[in-house]
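Down below is the structure, laid out as structure tokens.
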Amino acid sequence: MGKYILAINPGSTSTKVAVYKDKKNLLEKNIEHSSKELSKFEKITDQYEMRYKEIEKMLCENNFQLDIFSAIVARGGPVSVLEPGAYRINEAMVEKLMNNPLVDHASNLGGVIAFKLAEPQNIPAFIYDAVSTDQMTDIARISGMKDISRKSLVHALNMRAVGMKCAENMDKNYDDVNLIIAHLGGGITIAVHEKGRMTDLVSDDEGPFSPERAGRIPGKDLVAMCYLYDKDEMEKKLRGKGGLISYLGTISTLEVEKRIKNGDEYAKLIYEAMAYQVSKGICELTAVVKGKVDRIIITGGIAYSDLITSWIKERVEWVAPVEIFPGEKELEALAYGALRVIKGEERAREFK
Ligand SMILES: Nc1ncnc2c1ncn2[C@@H]1O[C@H](COP(=O)(O)OP(=O)(O)O)[C@@H](O)[C@H]1O
Ligand SMILES: CCCC(=O)OP(=O)(O)O
């Protein structure tokens, strides 16, 4: 008999859910959350009940009872510095995800929701390739200020999955190639995958702005601004109300593209600036591997946009061939990871 897996992926603008029977995708749903809906919540953890109920409703509408699942697996939030792969969700992890994660991010809700669904049924719950997967080298951790160490917060799950796919298409192993992967979603991160390890990255506050994040902001102006707003307001300006939404009032790139088609020059300037900053982030990482880059990959929801990807391509394709993997393979990567764990092919780590 096949094993049923429930995979849950909360992103900043959506909650994606899938049901797999072994490697077969039986159902997949992308529940999108509008800027208006999300603005009702003070903190991301406050969105727990809303997202939990949407998942419950989706399962109920499609006649999936919880007791059929052999495992529930979620995108891992920035809970603490982690290795790639699977971690079993326990009370300690749920506590940390809700009350003291490395950053407030939608993916923190994944582990919490998975645990709450799984525990009453006695089903194992896992996170896989968490956002805080950390393979940075020592030299990459140096920030320039002794008090602050650079952190690895990155779209590890999708990047590693598309990185492996790209290597396979090249008839090579992921461990034998150098890739620079830019994930363009509600948040944007870029990482260099150096022979199978994410040795350095441009995180979502170190480089390009994104639909809802400010990215790198000139430090002196940022310090001055901290005297005008309280901590929560400042954090919201950087994450949630920064980037496209601060200039154009929307996190929807589809809406921005509609405005550009209708001749909105200001929308075009801002949107092209986002692509320009992504290109700079990609080129910054070429130094890590001394220019030896086999492929540049553009992935994530915004990679569906020909406009954005063509702007990036024209600035970076002198480095290496550019491949586009629109959307993400996160639900599949989650389900396949959990399947390997429950079949005993891979070991899940304990979270302490
Ligand atoms: N066909 C498309 N063209 C341009 N942008 C798109 C398209 N489809 C989705 N997007 C944009 O992708 C972003 C969401 O990407 P996604 O990877 O799903 O993000 P997250 O996981 O952070 O919620 C949104 O800004 C959305 O407007
Ligand atoms: C912090 C890196 C992960 C991230 O930004 O994810 P979303 O794009 O889903 O918000």
Side-chain angles (χ1 to χ4, degrees), residues 8-17 28-35 37-38 44 47 51 74-79 82 101-110 127 129-134 150-162 181-191 198 201-215 238-240 242-245 248-261 267 270-271 274-275 278 281 298-312 324-331 333-334:
I8 302 170
N9 177 12
S12 48
T13 60
S14 63
T15 307
K16 296 173 186 125
V17 189
E28 187 162 326
K29 186 137 194 230
N30 183 2
I31 306 161
E32 287 186 26
H33 310 295
S34 66
S35 316
E37 184 185 16
L38 296 178
I44 291 171
Q47 298 169 14
R51 296 204 195 216
R75 184 179 180 200
V79 59
L82 299 178
L102 293 177
V103 267
D104 193 24
H105 184 262
S107 55
N108 288 319
L109 295 171
I127 57 166
D129 275 356
V131 169
S132 52
T133 299
D134 187 339
R150 291 185 63 232
K151 289 172 191 66
S152 182
L153 293 171
V154 66
H155 292 87
L157 179 64
N158 182 46
M159 283 189 183
R160 284 170 43 81
V162 296
I181 310 185
H183 180 113
L184 319 186
I188 294 181
T189 67
I190 311 167
M198 295 184 291
L201 59 123
V202 175
S203 195
D204 61 352
D205 56 357
E206 296 180 312
F209 67 82
S210 76
E212 61 129 60
R213 279 169 229 166
L238 294 172
R239 305 172 66 80
L244 280 187
I245 193 167
L248 302 174
T250 180
I251 51 174
S252 167
T253 48
L254 297 169
E255 161 66 24
V256 175
E257 295 202 7
K258 212 186 289 168
R259 290 187 206 173
I260 295 172
K261 269 201 194 103
I270 302 303
Y271 202 46
M274 189 167 84
V278 170
I298 308 173
T299 183
I302 304 173
Y304 282 112
S305 160
D306 290 337
L307 187 58
I308 280 277
T309 54
S310 63
W311 279 332
I312 299 172
I324 316 291
F325 285 77
E328 18 71 20
K329 298 178 79 60
E330 290 177 337
L331 289 166
L334 286 171

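For the single chain, residues carry numbers from 1 onward in sequence order. Whatever order the structure lists ligands and atoms in, that order sets their numbers, starting from 1.
- Annotation for ligand 2: atoms under 4.0 Å from non-hydrogen atoms of Val131 are 1 (C), 2 (C), 3 (C).
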Apply side chain to side chain contact (heavy atoms under 4.5 Å, CB included) to residues Ser252 and Glu32 and explain how you reach the verdict. CA-CA 10 Å; Ser252 167; Glu32 287 186 26; over 6 Å; no
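- For atom 6 (C) of ligand 1, the nearest non-hydrogen atom of the protein is Thr253 OG1, 3.3 Å.
- The shortest side-chain heavy-atom distance between Thr253 and Ile308 does not fall under the 4.5 Å cut-off.
- Looking at Thr189, its side chain never comes within 3.5 Å of a backbone N or O of Ser203 through a donor-acceptor pair.
- Residue-to-ligand polar distances place Gly187 within reach of ligand 2: an N/O pair is separated by less than 3.5 Å.
- Looking only at side-chain heavy atoms (C-beta outward), Met274 and Ile302 come within less than 4.5 Å of each other.
- Residue contacts with ligand 2 for Arg75 involve side-chain atoms from C-beta outward but no N, CA, C or O (heavy atoms, distance under 4.0 Å).
- Ligand 2 has an N or O atom lying under 3.5 Å from an N or O atom of His155, backbone or side chain.
- Salt-bridge formation is detected for the pair Arg259/Glu255: a Lys NZ or Arg NE/NH1/NH2 atom is positioned less than 4.0 Å from an Asp or Glu carboxylate oxygen.
- Shown in contact with Lys16 at under 4.0 Å from a heavy atom are these atoms of ligand 1, numbered in order with element: 16 (P), 18 (O), 21 (O).
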Step by step, work out the side chain to side chain contact (heavy atoms under 4.5 Å, CB included) result for His155 and Arg75. CA-CA 10 Å; His155 292 87; Arg75 184 179 180 200; 3.4 Å; yes
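- Counting heavy atoms from C-beta outward, His33 and Arg51 have side chains that approach closer than 4.5 Å.
- Polar contact check, Pro211 against ligand 1: no nitrogen or oxygen pair lies under 3.5 Å apart.
- The closest protein non-hydrogen atom to atom 1 (C) of ligand 2 is Asp204 OD2, 3.6 Å.
- Inclusion of Leu184 in the set of residues having an N or O under 3.5 Å from an N or O of ligand 1 is not warranted.
- Of the inter-residue distances, the one linking Asn9 atom CG with Ile31 atom CD1 reads 11.0 Å to the nearest 0.5 angstrom.
- Every N/O-N/O distance between Glu330 and ligand 1 stays at or above 3.5 Å.
- An N or O contact shorter than 3.5 Å links Ser12 to ligand 2 by distance.
- A side-chain donor-acceptor contact under 3.5 Å links Thr299 to the backbone of Phe325.
- At least one heavy atom of Gly186 sits closer than 4.0 Å to an atom of ligand 2.
- Scanning the protein heavy atoms around atom 13 (C) of ligand 1, the nearest turns out to be Ile302 CG1, 3.7 Å.
- When non-hydrogen atoms are compared, ligand 2 lies under 4.0 Å from the side chain of His105 (C-beta onward) but not from its backbone.
- Listed by number with element, the atoms of ligand 1 under 4.0 Å from a non-hydrogen atom of Gly186 are 19 (O), 20 (P), 22 (O).
- At the top of the distance list for atom 14 (C) of ligand 1, counting protein heavy atoms only, stands Thr13 OG1, 3.7 Å.
- Within the model, atoms CG of Leu109 and CD of Gln47 stand 6.5 Å from one another, a figure rounded to the nearest 0.5 Å.
- Here CG of Leu157 is found 10.0 Å from OG of Ser107. Values are rounded to the nearest 0.5 Å.
- For Arg213, a nitrogen or oxygen atom sits less than 3.5 Å from a nitrogen or oxygen atom of ligand 2, counting backbone and side chain alike.
- Of the protein's heavy atoms, Leu254 CD2, 3.3 Å lies nearest to atom 2 (C) of ligand 1.
- Ranked by closest heavy atom to atom 15 (O) of ligand 1, the top entry among Pro326, Gly301, Gly11 is Gly301.
- If you look at Ile251 next to ligand 1, the close heavy atoms, those under 4.0 Å, all belong to the backbone.
- Ligand 1 places these atoms under 4.0 Å from at least one heavy atom of Ser12: 22 (O), 23 (O).
- Side-chain contact between Leu184 and Ser210 is absent, with no heavy-atom pair separated by less than 4.5 Å.
- A distance of 5.5 Å separates NE2 in His183 from CG in Asn158, rounded to the nearest 0.5 Å.
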Candidate pair Ile44 and Asn108, rule side chain to side chain contact (heavy atoms under 4.5 Å, CB included), full reasoning: CA-CA 9 Å; Ile44 291 171; Asn108 288 319; over 6 Å; no
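- Those atoms of ligand 1 that come under 4.0 Å of a heavy atom in Gly185, given as number and element, are 15 (O), 16 (P), 17 (O), 19 (O), 22 (O).
- For ligand 2, the atoms lying closer than 4.0 Å to a non-hydrogen atom of Thr189 are 2 (C).
- Not one N or O of Tyr304 is nearer than 3.5 Å to an N or O of ligand 1, by distance alone.
- Below 3.5 Å of separation, one finds no N or O of Glu328 facing any N or O of ligand 1.
- One finds no salt bridge joining Asp205 and Arg239 here, because no Lys/Arg side-chain nitrogen approaches an Asp/Glu carboxylate oxygen to under 4.0 Å.
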